[in-house]
There are 2 protein chains.
Amino acid sequence: MSDTFSKILLSHPMLAPMQAPLEAQGWPVVRRWEMADAEAADIRVIVHAGEIPLTPEFLGSLPGLGLIANVSVGYDGVDVPWCREHGIEVTHAKGLNAEDVADHALGLLIGGWRSIAVGDQIVRRGGGWRNEDRMKPQPSLKGRKVGIVGLGAIGAAVARRVEALGMVVAWWGPNDKPAAWPRAATLLDLARDSDVLVVAARAEASNRGLVSAEVIEAVGPQGMIVNVARGQLIDEDALIAALKDGRLGRAGLDVFAEEPTPAERWADVPNTVLTPHTAGGTTDSIPRMVAQAVENVRLFLAGEPVMSPV
Amino acid sequence: MSDTFSKILLSHPMLAPMQAPLEAQGWPVVRRWEMADAEAADIRVIVHAGEIPLTPEFLGSLPGLGLIANVSVGYDGVDVPWCREHGIEVTHAKGLNAEDVADHALGLLIGGWRSIAVGDQIVRRGGGWRNEDRMKPQPSLKGRKVGIVGLGAIGAAVARRVEALGMVVAWWGPNDKPAAWPRAATLLDLARDSDVLVVAARAEASNRGLVSAEVIEAVGPQGMIVNVARGQLIDEDALIAALKDGRLGRAGLDVFAEEPTPAERWADVPNTVLTPHTAGGTTDSIPRMVAQAVENVRLFLAGEPVMSPV
C-alpha cells in the first residue's frame, strides 16, 4: 500500500463525528462534501452510513478504493456485488445494537397501539379527559399476535420482548431456520394472521417493497405495522393511503422511503408514531459501532482480515 | 331491602357509560349531576370511579347507602374506614387490568427514555435528521436499573416486562414479602439506586406525597420517573421543578395531582410524556371491570357476599 492511497473519505455530513476518532489513529481524513477532484486519487477507504446510496459511478472515480467501512448495521446503499467484482471490501456494524433497536420497536409498538404519542399531544392541548373527547380504547396487547418479518438478531430480540407482554409470536423470512417461534408459509399469510407486523429484515436490492399494498391490507383496519429496518422494505405510498382510508389501523415508523422524510407527507396521516431513525443509536451502541468501524479500517490498512465483513 | 332503597347512583359524568348495563338488570339509575334532593333517600348503591373524592358529608346525606361499587382498581377517593364505621361496603375491580397498566408503563418508560413522543413531534416539524438538530442519544435500557414502588399485580407485571429488556429490577414497599426481586431498605435507597423509578403503589391516605422532593432528586439528572398509579403519590410541584432545573432527567406520567391536569402546567416542562389516565382502559379490560361492578351490585342487592371487597 502506497501512502498516496491512505486517505479516509467521510461520505456524508452525518459522518462528521467520525473524523476525530479516525484522525486520532493518524489517518488523513477527507470530507466528501468539501472534497477537491484531485483528492479522489488518494482515497483508500470510505467510512460510510449504510443507508446512504453510493453510486458505482462515484465509487468508480476512486481508483485506490479498497474498503467501505459502514458504521451502521445496514448497508443497503452499497451495491455489494459490484464492490466484490471491483475488489472493494465492505464491512458493517455487526450485532452491536440489536437490543437497542428492539427496545425502540417495542416503544413504537406500545406507543402507537396504546396511543401514547397521540395522548401526549391531547393532554398538552387540555383534552382527553371527558367522555366526549376521551381517546377510543384499544384492545389489550396480551394475547394479540405479532408477526416478525426477518428473524435476525433484531427480530429475535423483539420476539423475546413481546412475549413478556403475553403476545403470541410468529415470523417469516425467505429462508427457514431453527427458531423458537413458528414460521409462516408466506409473508402474506403472516400479515393475515398478525395484529402487529414488525419489519426487522435486512434491506437488499431483492426485497424492495416487500411489504406491498396487499400485505398492508392483510394486516388490516385493526392492525399495526412497525418498521425499524429500512423504509424501502415497505411500499410507503400504499401504507399512507391505507392509513388514510382506515384499511390499515396504525403504524410506528423509525425509517422512511426517503430520509429525511418530508414532514408534509405525514400531516394528514392518522394513527402514526414517527421517529427520525433513532432506533439503533444510544450512548452505549454508538461508541461500539464507531470503534468497530475504526478497527475494520485499521485491519484493512495493515493488510489483515477485517473483523465484520458483510 | 325495601324497593325505596334500590336506586343506583352514578357519581360522575364519566360513569355515564355504566347506565345501560345497570338498567339492563332492571335497576333504576340516578345521575348525581342531575339528581334532585328528594332522590337522596332512595340511593342504595353508588357506582363510582375510585379516583374521584366522595366526601363523608355527601355519603352521610344518603341514609340508605349500603355499597360503593368502584368500577376502577383504585379507590383513593373513598374513605374506607369511614365507610366501614357506617356499615357501607366498598368493592373495586380486582386484578382485571394489571397487564394493561404494565404495558402502558413500559410504553411510557421506553417512549420517554428513547424520546419517541418527542421524536414524533420533531419529525412532524421536519427536524431531527441533521447533526445540528439530531436528538441527543440516550443510554441503552439494557443493564439499567428499574426500581418499582409497590410490588402488587401491576408492579410485578412491570418487573417481568423490563427484565425482557435486560433491565435489572429492585423494589420497595412498606411491607416485605416473598418476591423474585430484591427489596430496598427504604424508598430513598431504591431511588438512589435506580435509573428508572416506576410508581405502581396503591394510593392511600397514608402515602400522599410518598415520592417526595428528596426521592425525586435521588433519581437524579440522568434518571426517569414513571407513574401509572395515582398522581397524589408524587409531590408533583417538586417533580415539575426538578424537571425544569434538570435535577430529574425525564418523566412519563399517566396520572396527575389533579385530573384533568391543566395543560399550561406542563407547557415548559421538558422531557415528559403525558397520557390522560388511559393506562388501564382497554376494550378487553373495560367490559370485565364493568361486569365485575355489576356483579358486585347484584350480589349486594341479593344479600349475598360481594366478590371483590377492598
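Each chain gets a letter, A, B and so on, in the order the sequences are listed, and its residues count up from 1.
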*Quick one: which of B:Pro13, B:Gly107, B:Pro139, B:Gly119 has the most heavy-atom pairs under 4.5 Å with chain A, could you say?*
B:Pro139

*Which one, A:Ala157, A:Pro276, A:Gly143, A:Gly127, leads in non-hydrogen pairs under 4.5 Å with chain B?*
A:Pro276

*When only pairs under 4.5 Å are counted, which of A:Ala279, A:Gly252, A:Gly112, A:Ala102 shares the most heavy-atom pairs with chain B?*
A:Ala279

*Give the member of A:Gly111, A:Ala117, A:Gly281, A:Gly126 that has the highest number of heavy-atom pairs under 4.5 Å with chain B.*
A:Gly281

_Contacting region of B:Pro262 [heavy-atom separation from chain A under 4.5 Å]_ = neither

*Please flag which part of A:Leu109 lies under 4.5 Å from any non-hydrogen atom of chain B: side chain, backbone, both or neither.*
neither

*Check each atom of B:Leu253 against the heavy atoms of chain A and say whether the ones under 4.5 Å are side chain, backbone, both or neither.*
neither

_Just so I understand: if I count every heavy-atom pair under 4.5 Å between each of A:Val118, A:Leu106, A:Leu165, A:Val273 and chain B, which residue has the most?_
A:Leu165

Which N or O donor-acceptor pairs, by atom type, sit under 3.5 Å across chain A and chain B?
{"from": "A:Pro13", "atom 1": "O", "to": "B:Asn131", "atom 2": "ND2", "distance (Å)": "2.6"}
{"from": "A:Asp100", "atom 1": "O", "to": "B:Arg114", "atom 2": "NH1", "distance (Å)": "3.0"}
{"from": "A:Asp100", "atom 1": "OD1", "to": "B:Ser140", "atom 2": "OG", "distance (Å)": "2.6"}
{"from": "A:Asp100", "atom 1": "OD2", "to": "B:Ser140", "atom 2": "OG", "distance (Å)": "3.0"}
{"from": "A:Arg114", "atom 1": "NH1", "to": "B:Asp100", "atom 2": "O", "distance (Å)": "3.0"}
{"from": "A:Arg114", "atom 1": "NH2", "to": "B:Thr278", "atom 2": "O", "distance (Å)": "2.8"}
{"from": "A:Arg114", "atom 1": "NH2", "to": "B:Ala279", "atom 2": "O", "distance (Å)": "2.6"}
{"from": "A:Asp120", "atom 1": "N", "to": "B:Leu274", "atom 2": "O", "distance (Å)": "3.1"}
{"from": "A:Asp120", "atom 1": "OD1", "to": "B:Leu274", "atom 2": "N", "distance (Å)": "2.8"}
{"from": "A:Arg124", "atom 1": "NH2", "to": "B:Thr272", "atom 2": "O", "distance (Å)": "2.8"}
{"from": "A:Arg124", "atom 1": "NH2", "to": "B:Thr272", "atom 2": "OG1", "distance (Å)": "2.8"}
{"from": "A:Asn131", "atom 1": "ND2", "to": "B:Pro13", "atom 2": "O", "distance (Å)": "2.6"}
{"from": "A:Gln138", "atom 1": "O", "to": "B:Thr283", "atom 2": "N", "distance (Å)": "2.8"}
{"from": "A:Ser140", "atom 1": "N", "to": "B:Asp284", "atom 2": "OD2", "distance (Å)": "2.7"}
{"from": "A:Ser140", "atom 1": "OG", "to": "B:Asp100", "atom 2": "OD1", "distance (Å)": "2.7"}
{"from": "A:Ser140", "atom 1": "OG", "to": "B:Asp100", "atom 2": "OD2", "distance (Å)": "3.0"}
{"from": "A:Ser140", "atom 1": "OG", "to": "B:Thr282", "atom 2": "OG1", "distance (Å)": "3.1"}
{"from": "A:Arg144", "atom 1": "NH2", "to": "B:Asp284", "atom 2": "OD2", "distance (Å)": "3.3"}
{"from": "A:Thr272", "atom 1": "O", "to": "B:Arg124", "atom 2": "NH2", "distance (Å)": "2.8"}
{"from": "A:Thr272", "atom 1": "OG1", "to": "B:Arg124", "atom 2": "NH2", "distance (Å)": "2.8"}
{"from": "A:Leu274", "atom 1": "N", "to": "B:Asp120", "atom 2": "OD1", "distance (Å)": "2.8"}
{"from": "A:Leu274", "atom 1": "O", "to": "B:Asp120", "atom 2": "N", "distance (Å)": "3.1"}
{"from": "A:Thr278", "atom 1": "O", "to": "B:Arg114", "atom 2": "NH2", "distance (Å)": "2.8"}
{"from": "A:Ala279", "atom 1": "O", "to": "B:Arg114", "atom 2": "NH2", "distance (Å)": "2.6"}
{"from": "A:Thr282", "atom 1": "OG1", "to": "B:Ser140", "atom 2": "OG", "distance (Å)": "3.1"}
{"from": "A:Thr283", "atom 1": "N", "to": "B:Gln138", "atom 2": "O", "distance (Å)": "2.8"}
{"from": "A:Asp284", "atom 1": "OD2", "to": "B:Ser140", "atom 2": "N", "distance (Å)": "2.7"}
{"from": "A:Asp284", "atom 1": "OD2", "to": "B:Arg144", "atom 2": "NH2", "distance (Å)": "3.3"}

_Residues A:Ile116, B:Ile116; criterion side chain to side chain contact (heavy atoms under 4.5 Å, CB included); working and verdict_ = CA-CA 9 Å; A:Ile116 290 177; B:Ile116 291 176; over 6 Å; no

*chain A heavy atoms under 4.5 Å from B:Leu274: which part of the residue, side chain, backbone, both or neither?*
both

